[in-house]
Number of protein chains: 2
Amino acid sequence: MDASGTMSADLSSDCERLAADALDTDILGTSLDFAMHGAMAVLRRDLLAQLGAVRPVVFNLLALVGANPGILQTQLADALLLDRGSAASLVKKLQQWRWVEHRVREADRRCKGLYLSVTGARTLRHLKSQFQKHTARFHSRFTPDEHRQLLEFLQRIARQ
Amino acid sequence: MDASGTMSADLSSDCERLAADALDTDILGTSLDFAMHGAMAVLRRDLLAQLGAVRPVVFNLLALVGANPGILQTQLADALLLDRGSAASLVKKLQQWRWVEHRVREADRRCKGLYLSVTGARTLRHLKSQFQKHTARFHSRFTPDEHRQLLEFLQRIARQ
DNA sequence: TATTGTTATACTCTATAACTATA
DNA sequence: TATAGTTATAGAGTATAACAATA
């Protein structure tokens with residue numbers, strides 16, 4: 001349609017856009033992948049703005065170390081859905097920032113238990129309060145039942 | 001816990017991992033962001049394996065051009081949630097592969113309408129059948145009602 | 001001045017693979 | 001031989017910004 005609402009028979013001689021809602025989204029309209037992509041994009045943009053310079057994966061890692069003092073890198077990798085190399089790079093960065101410390105386990109010197117530093121613990125508390133603001137904005141779009149249901153749906157997809 | 005099921009008072013002298021299901025997931029357990037991340041990872045891995053060398057975004061782009069002959073790059077960018085630069089790079093690649101062609105609109109020579117080539121149309125048909133196999137694997141985890149509900153939930157998040 | 005498209009560049013995220021040290 | 005961790009590299013995906021052509 002052009003601006004006056006009539007069909008344009010020849011697009012190549014009419015630079016009006018097809019109206020956005022006149023676009024045929026084809027498979028995209030019912031694609032789980034694409035709907036997920038869109039939801040992720042919005043969620044992520046909001047979370048990034050809320051956490052500032054801290055990446056979401058760093059927040060997740062801090063939360064896990066905070067809740068599981070002595071956790072190993074390989075366990076972090078598993079829980080965060082990362083490979084060992086990516087987990088190692090992250091941990092190295094967090095150690096340079098002095099947010100995380102490690103102690104080699106004497107019983108098996110290959111293993112390093114990870115712990116939050118005092119600074120790391122303080123940072124985590126701050127990030128959690130920021131995360132709560134982010135979470136609240138999206139929780140408010142769902143009833144408690146809907147939210148539980150959505151989480152269950154997502155976990156059903158993630159289950160291998 | 002160690003292998004015998006007793007608590008280890010001193011982790012630093014015990015290299016047993018905390019059992020995976022004994023990990024405290026803290027906020028990750030109820031985090032929409034993390035659940036979404038996990039679901040996306042599984043969906044995406046499956047889709048990549050099914051589409052072979054073709055990236056999901058390329059499939060989405062082909063589907064849109066196929067369903068909307070003459071569509072503009074900026075419209076593609078909007079629909080695919082990309083910026084114009086990324087859309088331009090994609091379109092350029094697809095033109096080099098001879099899957100997509102363009103015609104400059106004489107009424108406004110800034111605009112290029114995009115169309116599938118014969119090869120592109122054939123490729124799209126193949127990719128759609130591959131995509132269906134992927135889709136079927138995940139649809140089977142949901143009743144039709146649940147699937148509709150999940151899509152609606154995701155769109156509710158994506159709505160700005 | 002606004003819009004379409006182009007190009008170069010850079011950053012995030014993650015994977016792969018080769019490596020060391022320890023068991 | 002297997003496991004924990006390290007490091008270098010590469011690729012996908014996307015954003016930013018400066019640019020040209022057209023309106």
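To find a chain, count down the sequence lines: A is the first, B the second, and so on, and within it residues start at 1. All of these numbers come straight from a predicted model, not from anything done at the bench.
In this structure, the CG atom of A/Leu76 is 16 Å from the C1' atom of C/dT14, given to the nearest Å. Remark: P of C/dT12 and CE of A/Met40 are 17 Å apart, rounded to the nearest angstrom. The nearest whole Å value for the distance from the NZ atom in A/Lys92 to the P atom in C/dC13 is 18 Å. One atom, CG of B/Asn60, and another, P of D/dG13, lie 11 Å apart when rounded to the nearest Å. Put simply, CG on A/Leu80 is 13 Å from P on C/dC13, counting in whole angstrom units. Here D/dG5 presents its P atom at 15 Å from CZ of A/Arg103, a figure rounded to the nearest Å. Between A/Ile71 atom CD1 and D/dG5 atom P there is a gap of 10 Å when expressed in whole angstrom units. One interatomic measurement links the two molecules: NZ of B/Lys112 to P of D/dT22, which rounds to 11 Å at whole-angstrom precision.
Looking at heavy-atom distances under 4.0 Å, B/Arg44 makes contact with sugar-phosphate atoms alone, never a base. When heavy atoms are screened at a 4.0 angstrom cut-off, A/His102 is found touching no nucleic acid atom at all.
Listed nucleotides: D/dG5, C/dT14, C/dA2. Nearest to the side chain of B/His37: C/dT14. Side-chain proximity of B/Cys111 to the nucleotides D/dT7, C/dT4, D/dG13 is greatest for C/dT4. Listed candidates were C/dA23, D/dG5, D/dT7. Nearest to the side chain of A/Arg110 is C/dA23.
Looking only at atom types and distance, the side chain of B/Asn60 has no donor-acceptor partner in the side chain of A/His37 under 3.5 Å away. Between the side chains of B/Gln130 and B/Lys133, at least one donor N or O sits under 3.5 Å from an acceptor N or O.
DNA chain C is contacted by both A/Lys93 and B/Ser89; B/Ser89 maps to the nucleotide lying nearer its 5′ end (nearest heavy atom per residue). Ranked by how close their nearest DNA chain D nucleotide is to the 5' end, B/Arg55 and A/Val91 are led by A/Val91.
Here the CG-CG distance, from B/Leu32 to A/Leu150, works out to 5.0 Å after rounding to the nearest 0.5 Å. A/Phe59 contributes atom CZ, which lies 8.0 Å from atom CG of B/Leu28 (distance to the nearest 0.5 angstrom). Between the CG atom of A/Asp78 and the CD atom of A/Gln73 there is a distance of 12.0 Å, given to the nearest 0.5 Å. Taking CG of B/Asp26 as the start and OG of B/Ser31 as the end, the distance is 10.5 Å to the nearest 0.5 Å. For the atom pair CD1 (B/Ile71) and CG (A/Leu23), the distance works out to 4.5 Å, reported to the nearest 0.5 Å.
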Parsed dot-bracket for DNA chain C after applying the Watson-Crick and G-U rules with both distances under 3.5 Å and | for other-strand partners is |||||||||||||||||||||||
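Proximity of residues 81-88 of chain B to DNA chain D (heavy atom under 4.0 angstrom from any strand atom) is restricted to B/Leu82, B/Asp83, B/Ser86.
Using cut-offs of 30° and 60° on the angle between ring planes, the pair B/Trp97 and B/Trp99 is perpendicular.
Dashed line: the shortest gap from a side-chain N or O of B/Gln73 to OP1 or OP2 of C/dT6 is under 4.0 Å. Considering only side-chain N and O atoms, B/Thr74 lies nowhere under 4.0 angstrom from the phosphate OP1 or OP2 of C/dT3.
Put simply, the side chain of A/Arg141 gets close to the backbone of B/Arg156: a donor and an acceptor are under 3.5 Å apart. Counting only distance, with no hydrogens or angles, the side chain of B/Asn68 and the backbone of A/Asp24 share a donor-acceptor pair below 3.5 Å.
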